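Below, chain A is the first sequence line, B the second, and so on; all start at residue 1. Nothing here was measured: the structure is a model prediction, and the numbers come from that model.
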Amino acid sequence: MAHRDDLPFVQDLRPLSKEQLAASIARQRGRKPTFAKPPPPPAAVSSTTTTPADDKQDENAPPGSSQSTLKKQLLGPSLLKSGQDNVDQSKVAEIIYEASKGSKYFINESRKDVELTKRIDRILKKKAALEKQDTSKDFKKTDELIAALELDRDLSQIVVHVDCDAFYASVEELDHPEFKKVPMAVGKGVLTTCNYEARKFGCRSGMAGHIALKLCPQLIFLPLNFTKYNAKAKEVREILARYDPRFEAASCDEAYLNITKYLEKHNMGAEEAVEQMRKEVFEHAKITVSAGIAPNARIAKICSNKNKPNGQFSILGDRSAVVAFMRALPVRKVNGIGRVFERELEAVGIKTLGDIYPVRGLLLKLFGQKAYEFLMSAFLGLGRTEIRPAEEYIRKSIGSESTFRDCEGTNNLRERLRKTAEDLEADLVKTELQGRTLALKIKLYTYEEAIRQKPLPYPIWKASDLYDYALPLLTKLEEEYKPMKLRLMGLRLTNISTRKKGAAGGNNFFKPIVIKKRKFGEEEEEEKWEEWPEEEFQKYDETGFQIPQEEEDIERDEEEMMYFDGLKSDDFLAVEGEGVEAVLETVKSEEEKKEEEVYWPCPICNQPQMPDDRTFNDHVDYCLSKQTIREAVRLGDEENEEGRVTPVPTRAEASASPEKSTINAIFKEYRQSGNQKNPLPSKRGRPKGKRRKT
DNA sequence: GCGGATCAC
DNA sequence: TATGGTGATCCGC
């Protein structure tokens with residue numbers, strides 16, 4: 001099927017005006033345009049029988065009401081990351097709201113919105129309480145954190161984020177040039193992506209198909225064809241590899257490159273090289289890409305959205321350029337801050353990253369350690385500079401889930417479970433994986449979700465085992481939600497290991513695998529020892545999309561001015577408190593750091609390590625695990641059962657093994673003594689206030 | 001360790 | 001008629 005034939009294909013393909021749009025929607029609904037007046041409030045959350053009859057409740061909802069936030073929510077995840085064109089988002093929001101109202105999906109969104117509002121209330125109460133206390137210590141601690149983070153800032157690398165423009169839609173347009181100038185979307189049910197013509201109407205990736213049709217009645221739908229997209233992605237990657245052979249494919253249509261070496265070798269400027277790369281990609285693969293150029297991955301990612309489509313944007317230079325750029329950035333632009341966190345931050349007065357500074361001392365208690373460190377690191381414009389092939393990241397789970405028409409009744413549900421188990425088995429056969437923990441996920445017809453999981457006595461992968469072990473979980477849920485009516489079922493295995501021959505059985509050929517931490521925690525990396533994956537897992541990524549947005553200038557309060565201006569004048573440290581000064585005086589420029597050549601030698605491999613606790617500890621743990629894994633493999637050889645492969649212990653497990661306690665104790669002591677007396681060679685000494693992370 | 005929630009794509 | 005699938009992380013309990 002090339003496209004949907006039942007869709008109207010009008011000759012006039014100009015976007016509708018807002019009035020036309022409204023009229024069009026109204027016609028379909030047999031009513032007059034509704035968005036001229038305030039729309040009705042969301043359906044009552046406690047009731048699942050809400051009907052459009054509820055319409056007449058509250059006609060004057062205030063802007064901050066749950067209705068307004070809900071509308072924003074219904075706009076979909078891609079909206080606020082983008083912002084694009086001349087589409088009137090509030091009108092689009094009204095149309096979506098009107099079209100969604102009363103549906104089960106909508107009612108569930110209302111329920112979630114109410115929960116979130118409650119949580120925000122709790123955060124605000126906490127904030128009010130904090131403001132009555134003396135928080136000077138919290139501010140001081142945070143300034144110490146800032147100083148410590150500054151210490152690790154690395155501006156010497158040049159990282160590029162490459163993002164294909166409306167990838168799936170672009171690929172389809174190559175095969176169907178006739179769709180280039182008309183609104184077109186890929187995917188059914190929800191839009192996986194859509195072309196720029198469709199975006200003019202307010203269509204977005206992730207939007208429900210029938211909603212998109214309301215916004216754009218002439219929208220053309222094409223079915224997904226992953227084989228085609230993967231082939232095209234490969235063509236793009238062939239070019240990227242020329243610029244960084246160790247580039248990182250972040251998804252089907254995104255990649256990170258570290259082009260520092262390339263630039264040195266070819267004596268080129270970053271902008272120039274990336275222009276050339278994008279040109280080569282277009283010549284070779286015939287699709288356009290956008291790129292962001294920056295000192296680290298986090299900023300590069302943000303930059304690649306600035307001049308989309310088919311453009312590039314760079315933030316390079318000194319620290320002040322980076323900090324100034326981050327300051328004005330709406331928090332939602334940062335990877336890891338989604339709609340929910342955005343609302344929580346907004347509630348405490350944080351709209352842009354710059355807004356973080358005045359309240360920095362409250363963030364730890366308001367949002368927890370991880371989010372706190374994440375925010376501070378984002379505020380400073382820090383991010384990872386090490387880019388490595390996706391194959392070096394280890395997978396932690398594998399699952400399969402699917403949506404269907406309402407399914408109820410024990411027999412039907414069991415049949416569904418059987419099918420789900422078979423689907424998962426197929427993937428487990430392909431990947432040669434198995435798992436030791438099984439999770440069953442369900443979504444009720446009300447869109448409420450639940451998960452039940454259980455550790456297994458041994459790793460499984462066969463459909464029959466999956467079914468047998470999942471059945472008790474299903475019956476448990478059936479009891480809880482009786483009578484249970486489902487719209488989705490999924491199975492997922494965690495604690496996974498490979499079934500490949502020779503992986504962990506006897507040939508102890510191991511290589512380090514890096515674990516990606518995606519959310520908070522500054523995209524840190526943590527190393528483990530695992531089998532080298534010989535084969536890339538097939539990916540079924542779907543493309544999200546973002547479009548640049550104008551950033552309004554923010555007003556800076558006095559305190560903020562001091563920080564940023566101080567940064568520029570290069571002695572910003574002096575404006576801060578006493579404790580901070582003490583820490584900050586150890587901050588050196590990159591050049592100074594390099595010149596000093598002060599490292600701590602690893603007691604095991606004797607290689608010089610960066611002189612900070614965390615890096616050093618991690619490295620020692622890494623070396624230790626190398627030792628302990630070797631021992632574990634030797635032991636494991638004798639203990640292995642036929643046909644069942646012992647999973648390689650993780651670093652934590654390895655450290656916890658009693659056999660290794662001696663060596664661990666030695667190095668624990670080593671590290672502790674280092675902590676107290678700093679016997680390790682260091683001209684500069686360790687920064688005060690640097691927390692030890694475990 | 002489990003279950004719910006959030007996030008990215 | 002009627003809003004996806006895969007994988008990861010974090011938090012509270």
Position toward the 5' end of DNA chain B (nearest nucleotide), A:Gln453 or A:Arg119: A:Gln453
Could you tell me how far apart A:Leu444 (CG) and C:dT3 (P) are, to the nearest whole angstrom? 15 Å
Tell me whether the OP1 or OP2 atom of C:dG7 has a side-chain N or O from A:Arg492 closer than 4.0 Å. yes
Residue-phosphate contact under 4.0 Å: A:Arg339 side-chain N/O, B:dT6 OP1/OP2: no
Nearest whole angstrom, please: distance from the P of B:dC7 to the NZ of A:Lys333. 16 Å
Spacing between A:Leu424 atom CG and C:dG5 atom P, to the nearest angstrom: 14 Å
Is the ring pair A:Phe226/A:Tyr168 parallel, tilted or perpendicular, if the boundaries are 30 and 60 degrees? perpendicular
Name the residue closer to the 5' end of DNA chain C, choosing between A:Met207 and A:Glu401 according to the nucleotide with the nearest heavy atom. A:Met207
Is there a side-chain polar atom (N or O) of A:Lys301 under 4.0 Å from OP1 or OP2 of B:dC9? yes
Could you check if a side-chain atom of A:Cys407 sits within less than 4.5 angstrom of a side-chain atom of A:Tyr445, using non-hydrogen atoms only? no
Looking at A:Lys443, I'd like to know if its NZ atom is crowded, meaning that more than 12 non-hydrogen atoms belonging to other residues, nucleotides or ligands lie closer than 6.0 Å. yes
May I have the distance from A:Ile120 (atom CD1) to B:dA5 (atom P), rounded to whole angstrom? 15 Å
Let's see if you can work this out: which of C:dT9, B:dG4, C:dT3 has an atom nearest to the side-chain heavy atoms of A:Lys396? C:dT9
Quickly work out the A:Lys443 NZ to C:dT3 C1' distance and round it to whole Å. 8 Å
I want to verify a distance call: between C:dT6, C:dC11, B:dG4, whose nearest atom is closest to the A:Lys370 side chain? C:dC11
Does A:Ser397 have a side-chain nitrogen or oxygen under 4.0 Å from the phosphate oxygens OP1 or OP2 of C:dA8? yes
Can you check the A:Leu215 CG to C:dT3 C1' distance for me, whole Å? 13 Å
Give a yes/no answer on whether the side chain of A:Lys441 brings an N or O atom under 4.0 Å of OP1 or OP2 in B:dG3. no
I'd like the C1' distance from B:dC7 over to C:dG4, given in whole Å. 15 Å
Ignoring backbone atoms, establish whether A:Asn335 has a side-chain N or O less than 4.0 Å from OP1 or OP2 of B:dC9. yes
Report which part of the nucleic acid A:Ala439 touches: base, sugar-phosphate, or nothing (heavy-atom distance under 4.0 Å, all strands). nothing
Taking A:Thr498 for the side chain and A:Leu433 for the main chain, is one N or O donor matched with an acceptor at less than 3.5 Å? no
For a quick check of understanding: with a heavy-atom distance under 4.0 Å over all strands, which category does A:Ser100 fall into, base, sugar-phosphate or nothing? base
Hey, does the side chain of A:Arg395 come within less than 4.0 Å of C:dT6's phosphate (OP1/OP2), counting only N and O? no
Where the side chain of A:Arg452 is defined as all heavy atoms beyond and including C-beta, which of B:dG4, C:dT6, B:dC2 is the nearest nucleotide? B:dG4
Where the side chain of A:Asn195 meets the backbone of A:Met184, is there a donor-acceptor pair that is under 3.5 Å apart? yes
Side-chain N or O of A:Arg405 closer than 4.0 Å to phosphate OP1/OP2 of C:dA2: yes
Protein-nucleotide distance (A:Arg332, atom CZ; B:dA8, atom C1'), rounded to Å: 10 Å
Should A:Ser497 and A:Gln434 be marked as a side chain to side chain donor-acceptor pair (under 3.5 Å) after you check the CA-CA gap, both sets of side-chain angles, and the distance that decides it? CA-CA 6 Å; A:Ser497 51; A:Gln434 56 184 356; 3.2 Å; yes
5′-ward residue of the pair A:Ser402/A:Phe367 relative to DNA chain C: A:Ser402
Given C:dG5, is OP1 or OP2 found less than 4.0 Å from the side-chain N or O atoms of A:Thr403? yes
Sort out for me which residue in A:Arg111, A:Arg487, A:Lys104 forms a side-chain hydrogen bond (donor to acceptor under 3.5 Å, both in side chains) with A:Tyr447. A:Arg487
Residue A:Ser251, side-chain atoms from C-beta onward, closest of C:dA8, B:dC9, C:dG4: B:dC9
Mind checking if A:Ile211 touches a base, just sugar-phosphate, or nothing, with heavy atoms under 4.0 Å? base
